[in-house]
Amino acid sequence: MFFAGAYQVSAQETEKVECFSYLLAENDVKIGEVINSGEFSSNDCQNFNFGINSKTLWIKLELSNLSNFENPVFALNSSSADHVRLFSIKNGEVLKTHENGRLLGIEERDFPSQKIAFEFDQNEIDADYYLVRLDNVDKKIFYGFLSSRETLLDIITFEDLLFGLLTGVFIGLFFYNLFLYFSVKDKIYFVYVLHTLLVWFAQASILGYTQSLLWPDWDWMNQRSIVIFLPW
């Protein structure tokens with residue numbers, strides 16, 4: 001919540017994407033079948049959580065305001081998605097495919113950061129609509145925003161700064177409790193040391209920083225770090 005509030009302050013040129021259509025389909029459904037599908041349902045501009053299930057979530061976006069942004073990008077608010085693909089559709093054909101997600105290396109992304117974002121080419125701006133395929137072992141949550149590339153980079157820089165400050169607080173707590181443990185020999189302070197460390201890992205995992213900082217290519221941990229550390 002701290003980061004979400006900070007984001008709202010830092011984002012001056014963004015537009016929330018709240019209204020879209022969705023389809024929960026089997027994992028082996030192809031993009032051609034989805035393009036021709038008439039089974040999409042509206043999210044009524046308020047349903048963004050599609051639960052934990054074995055299905056693939058397809059989102060249909062009509063980004064009519066894309067041309068309002070210079071070097072437009074679409075970004076998800078959550079970094080906790082295994083594999084996200086965005087297809088630009090024109091006249092029933094795929095113009096371009098973008099890939100992102102925590103199973104993709106940081107350096108392979110449009111933006112080398114924890115953010116799941118897609119940058120549109122000039123010829124994609126006039127696409128009829130856009131399809132997003134989201135595969136995830138955790139909750140399937142879809143909530144994002146439009147901005148310019150420059151604005152998104154500013155947001156990423158600001159979030160990095162806030163996370164650095166948050167990490168500094170945790171480091172201070174860690175060494176303070178460690179000092180008390182060795183000073184008074186009370187085991188409760190060692191529990192505080194472990195708790196502080198695990199809470200930092202939980203927060204860093206939720207925000208996607210464990211992948212960008214600690215284990216960028218460890219897919220197993222990238223998928224499960226939130227589940228492992230969050231209970232603490």
Residues, nucleotides or ligands: over 12 heavy atoms within 6.0 Å of E150 CD: yes
Should we count CD of E33 as having more than 12 external heavy atoms under 6.0 Å? yes
Step-by-step side chain to side chain contact (heavy atoms under 4.5 Å, CB included) determination, V94 to I35: CA-CA 9 Å; V94 177; I35 291 174; 4.2 Å; yes
Passing option when V17 is tested against Y143, F145, F74 for side chain to side chain contact (heavy atoms under 4.5 Å, CB included): F74
Would you indicate whether F190, at its atom CZ, is surrounded by more than 12 heavy atoms from other residues, nucleotides or ligands within a distance under 6.0 Å? no
Could you check whether any side-chain N or O of E124 sits under 3.5 Å from a backbone N or O of D121, counting only pairs where one atom can act as donor and the other as acceptor? yes
Distance, nearest 0.5 Å, that separates CD of E99 from CZ of F87: 7.5 Å
Ignoring hydrogens and geometry, is there a side-chain-to-backbone donor-acceptor pair from D128 to G92 under 3.5 Å? no
Can you find a heavy atom in the side chain of L63 that is under 4.5 Å from one in the side chain of F120? yes
Which heavy atom in N177 sits nearest to a heavy atom in Y189, and how many Å separate them? O-CB, 3.6 Å
d(L197 CG, L173 CG) to nearest 0.5 Å is 12.0 Å
Option from N222, D219, T210, D82 for which side chain to side chain donor-acceptor pair (under 3.5 Å) with R102 holds: D82
Verdict with supporting geometry, E159 and Y209, side chain to side chain contact (heavy atoms under 4.5 Å, CB included): CA-CA 11 Å; E159 289 185 349; Y209 283 99; 3.8 Å; yes
Using ring-ring contact (aromatic ring centres under 6.0 Å, His included), reason through Y130 and F118 one step at a time and then give a plain yes or no. CA-CA 12 Å; Y130 307 86; F118 307 92; over 10 Å; no
Verify side chain to side chain contact (heavy atoms under 4.5 Å, CB included) between V34 and F40, making sure each step is shown before the conclusion. CA-CA 9 Å; V34 176; F40 278 87; 3.6 Å; yes
Check S88 against A127 and note the closest heavy-atom contact, atom names and distance. CB-CB, 4.3 Å
S80 side, atom OG; I226 side, atom CD1 - distance, nearest 0.5 Å: 3.0 Å
Do any N or O atoms from the side chain of N100 and from the backbone of V84 form a donor-acceptor pair under 3.5 angstrom? no
Minimum heavy-atom separation for F174 and T196, please, with both atom names. N-CG2, 4.0 Å
Does the structure place the NZ or CZ of K140 under 6.0 Å from the centre of the six-membered ring of F50, at an angle of no more than 45° from the ring's axis? no
May I ask whether L214 and L198 are part of the same hydrophobic cluster, defined by side-chain heavy atoms of I, L, V, M, F, W, Y residues being less than 4.5 angstrom apart, directly or through others? yes
One should read off an interatomic distance between N43 CG and S21 OG, to the nearest 0.5 angstrom, of 7.5 Å
Is S79 reaching over with its side chain to a backbone N or O of Q114, donor-acceptor style, under 3.5 angstrom? yes
Can you get from I228 to L207 by hopping between Ile, Leu, Val, Met, Phe, Trp and Tyr side chains that sit under 4.5 Å apart? yes
Minimum heavy-atom separation for L146 to L66, with atom names? CD2-CD1, 3.6 Å
So if you build clusters from Ile, Leu, Val, Met, Phe, Trp, Tyr with side-chain heavy-atom gaps below 4.5 Å, do L134 and V137 land together? no
Kindly check if the number of other-residue, nucleotide or ligand heavy atoms within 6.0 Å of CZ (F48) is above 12? yes
To the nearest 0.5 Å, tell me how far E107 CD sits from D217 CG. 9.5 Å
Can a side-chain donor-acceptor contact be found between N27 and T56 if the only test is distance below 3.5 angstrom? yes
Salt bridge (charged side-chain N to carboxylate O under 4.0 Å, His left out): which pairs involve residues 183-209, sequence neighbours left out? none
In terms of hydrophobic clusters joined by side-chain contacts under 4.5 Å, are L95 and I31 together? no
ring-ring contact (aromatic ring centres under 6.0 Å, His included) evaluation trace for F142 with F20: CA-CA 10 Å; F142 187 87; F20 52 82; 5.1 Å; yes
Do V184 and V193 share a hydrophobic cluster, counting only Ile, Leu, Val, Met, Phe, Trp and Tyr and linking them when any side-chain heavy atoms are less than 4.5 Å apart? yes
Decide side chain to side chain contact (heavy atoms under 4.5 Å, CB included) for Y22 and N47; before the verdict, give the C-alpha distance in whole Å, the side-chain angles of both, and the deciding distance to 0.1 Å. CA-CA 10 Å; Y22 70 93; N47 181 20; 4.2 Å; yes
Could you tell me if the side chain of W200 sits less than 4.5 Å from the side chain of L166, heavy atoms only? no
Return the minimal non-hydrogen interatomic distance between D138 and I52, and the atom names on each side. C-CG1, 3.9 Å
Distance (rounded to the nearest 0.5 Å) between L57 CG and K139 NZ: 14.5 Å
Heavy-atom count check: over 12 atoms from other residues, nucleotides or ligands less than 6.0 Å from K90 NZ? yes
Say whether, by atom type as modelled, one donor and one acceptor occur between the side chain of R109 and the main chain of S113 under 3.5 angstrom. yes
To check you understand the geometry: which heavy-atom pair defines the closest contact between V73 and S148, and what is its length? CG2-O, 3.7 Å
Can you tell me if CD on E70 sees more than 12 non-hydrogen neighbours from other groups inside 6.0 Å? no
For a 4.5 angstrom cut-off between non-hydrogen side-chain atoms, does E26 reach K55? yes
What class does the angle between the rings of W215 and F201 fall in, given that below 30° is parallel, 30 to 60° is tilted and above 60° is perpendicular? parallel
